[in-house]
Amino acid sequence: MAENGKNCDQRRVAMSKDQHNGSLTDPSSVHEKKRRDREERQNIVLWRQPLITLQYFSLETLVVLKEWTSKLWHRQSIVVSFLLLLAALVATYYVEGAHQQYVQRIEKQFLLYAYWIGLGILSSVGLGTGLHTFLLYLGPHIASVTLAAYECNSVNFPEPPYPDQIICPEEEGAEGAISLWSIISKVRIEACMWGIGTAIGELPPYFMARAARLSGAEPDDEEYQEFEEMLEHAEAAQDFASRAKLAVQKLVQKVGFFGILACASIPNPLFDLAGITCGHFLVPFWTFFGATLIGKAIIKMHIQKIFVIVTFSKHIVEQMVTFIGAVPGIGPSLQKPFQEYLEAQRQKLHHRSEAGTPQGENWLSWMFEKLVVAMVCYFVLSIINSMAQNYAKRIQQRLNSEEKTK
């Protein structure tokens, strides 16, 4: 794979030689200026410079909208085709007829797939930070299905209201009828769609690194610049984080498809580096995306599903509640809201939620809701900060280009 980029390497070396022979700038001063510019951009956040951050965010939004409008204007045939297709779909959706039963079925499946794929993409991309949608959405959904399956002795929940709400079927199964495989099968679509979304979210680092390598230009992305610096100082790496990054880079570069598959099949915060490595060494798209898709949507997803299902199985949950109650001093007071919450969930599953909601459920639900709101707010704030920093980078690049032309 390293040989695939030989011509790109020669072109980049030639460019660096031309710059060096022309004595354009001292390399150390260039790196120092980039470091200062990076530190200056990192200070543009809402809690330090709120007015400047909001101003830059607004201006960056306008710039992005202008760029997309220009791209769409130059692709008028594609836009017109899309609008005609959309008009045909809208007409099909609203016109009465025998086809409406199929339209409703397709609409339901499409919205389900789009919802979980979108959450998966958010978890991987995040525009500067990942929204941990597995912990906030998919994990709790699998846990709810697991608890309900053991309580109802069945996974044949009435649809509707499933998956929006889980209630036990009228005819419940026999005790012990639930198996690990039946719960895995029940949540397979949601989990696989989420895994597909995470695989799609890993594509931007790959395309960015590939485009930078093919063009021979110096990329603007800071992660890619760190990757190149890591390759330059590979032998001098001493700390654990640098050695871990180098290990991922070498595994992907030398093993290829199965190296990418191994990195994608386990929870790996360094997988962005695998995408950058594949793009940098010009790994074919389907080799990268195929291994990533299999690893994230099939292997890793089943590992995570099994972990959540086993953790929230009936006997494990009972043991955890008992263990909480055994904590000296505060155990009984902590155990009570969990017991009340579990009892409230059982009542809901058996259509008895009208009788009243225990206080423990309100307390635990309130805590989880506030956690979700806090993480979503942090996600939104990070997007604002990231876009404001992108606009600051545009200003710095314009100033640097003006200095070079003087």
Side-chain angles (χ1 to χ4, degrees), residues 108-127 129-152 155-157 159-167 178-203 263-269 271-272 292-314 316-317 320 341-342 345 348-349 364-365 367-380 382-383:
K108 179 182 177 181
Q109 293 299 318
F110 174 78
L111 293 177
L112 177 68
Y113 294 167
Y115 175 76
W116 289 111
I117 290 175
L119 289 178
I121 294 173
L122 285 177
S123 184
S124 292
V125 180
L127 296 178
T129 183
L131 181 64
H132 301 291
T133 53
F134 182 85
L135 296 177
L136 296 179
Y137 297 99
L138 183 58
H141 175 69
I142 297 174
S144 299
V145 171
T146 303
L147 293 172
Y150 281 105
E151 178 63 25
C152 304
V155 293
N156 298 319
F157 311 124
E159 299 183 29
Y162 182 84
D164 297 325
Q165 182 184 359
I166 303 176
I167 57 176
I178 292 300
S179 64
L180 177 67
W181 182 253
S182 62
I183 302 176
I184 290 176
S185 301
K186 186 64 177 179
V187 296
R188 179 178 290 122
I189 291 178
E190 296 92 328
C192 287
M193 291 301 107
W194 186 87
I196 291 172
T198 61
I200 295 172
E202 299 294 351
L203 293 178
C263 291
S265 299
I266 57 175
N268 184 4
F271 191 79
D272 279 351
T292 303
L293 189 63
I294 294 172
K296 285 185 172 289
I298 299 178
I299 301 175
K300 178 185 173 183
M301 203 60 259
H302 277 81
I303 293 173
Q304 291 177 306
K305 277 195 299 184
I306 292 172
F307 175 79
V308 174
I309 292 170
V310 170
T311 302
F312 285 89
S313 59
K314 186 175 182 180
I316 295 293
V317 171
M320 287 193 296
Y341 176 78
L342 292 173
Q345 297 306 307
K348 282 186 176 182
L349 292 171
L364 290 174
S365 299
M367 289 290 292
F368 183 74
E369 288 173 2
K370 294 302 178 286
L371 174 64
V372 172
V373 170
M375 294 190 71
V376 171
C377 288
Y378 177 75
F379 175 70
V380 173
S382 68
I383 292 177

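Just so it is clear, the model here is predicted, and its values are computed rather than measured. For this chain, numbers begin at 1 and follow the sequence in order.
- Note that CE of Met301 and CZ of Phe134 are 5.0 Å apart. Values are rounded to the nearest 0.5 Å.
- Considering every non-hydrogen atom in both Tyr115 and Tyr137, the closest pair reads OH-CD2, 3.7 Å.
- For the atom pair OG of Ser313 and CD1 of Ile178, the computed distance is 12.5 Å after rounding to the nearest 0.5 Å.
- Checked by atom type and distance alone, the side chain of Ser123 never pairs as donor or acceptor with a backbone atom of Leu119 at under 3.5 Å.
- For Lys314 (side chain) and Tyr150 (main-chain N/O), no donor-acceptor pair under 3.5 Å exists by modelled atom type.
- Atom NZ of Lys300 sits about 11.5 Å away from atom SG of Cys263, to the nearest 0.5 Å.
- To the nearest 0.5 angstrom, Tyr378 atom OH is 11.5 Å from Ile383 atom CD1.
- When every heavy atom of Leu138 is checked against every heavy atom of Ala191, the shortest pair comes out as CD2-CA, 4.0 Å.
- For the pair Met193 and Ile189, the minimum side-chain heavy-atom distance is below 4.5 Å.
- The two atoms that bring Val310 and Ile316 nearest to each other are O-CG1, 3.4 Å, heavy atoms only.
- Under the side chain to side chain donor-acceptor pair (under 3.5 Å) criterion, Trp194 pairs with Thr133, not counting sequence neighbours.
- A 4.5 Å side-chain heavy-atom check between Val145 and Phe157 finds at least one atom pair inside the cut-off.
- Residues satisfying the side chain to side chain donor-acceptor pair (under 3.5 Å) test with Tyr113, not counting sequence neighbours, are Gln109.
- Taking every heavy atom of both residues into account, Arg188 and Lys305 meet most closely at CA-NZ, 3.6 Å.
- Across Thr311 and Val317, no two heavy atoms sit closer than the pair O-CG2, 4.1 Å.
- Atom CD1 of residue Ile299 and atom CG of residue Leu293 lie 10.5 Å apart, to the nearest 0.5 angstrom.
- Contact between Val308 and Gly139 at its shortest, heavy atoms only, is CG1-O, 3.8 Å.
- Rounding to the nearest 0.5 Å gives a distance of 13.0 Å between CD1 of Ile196 and OG1 of Thr292.
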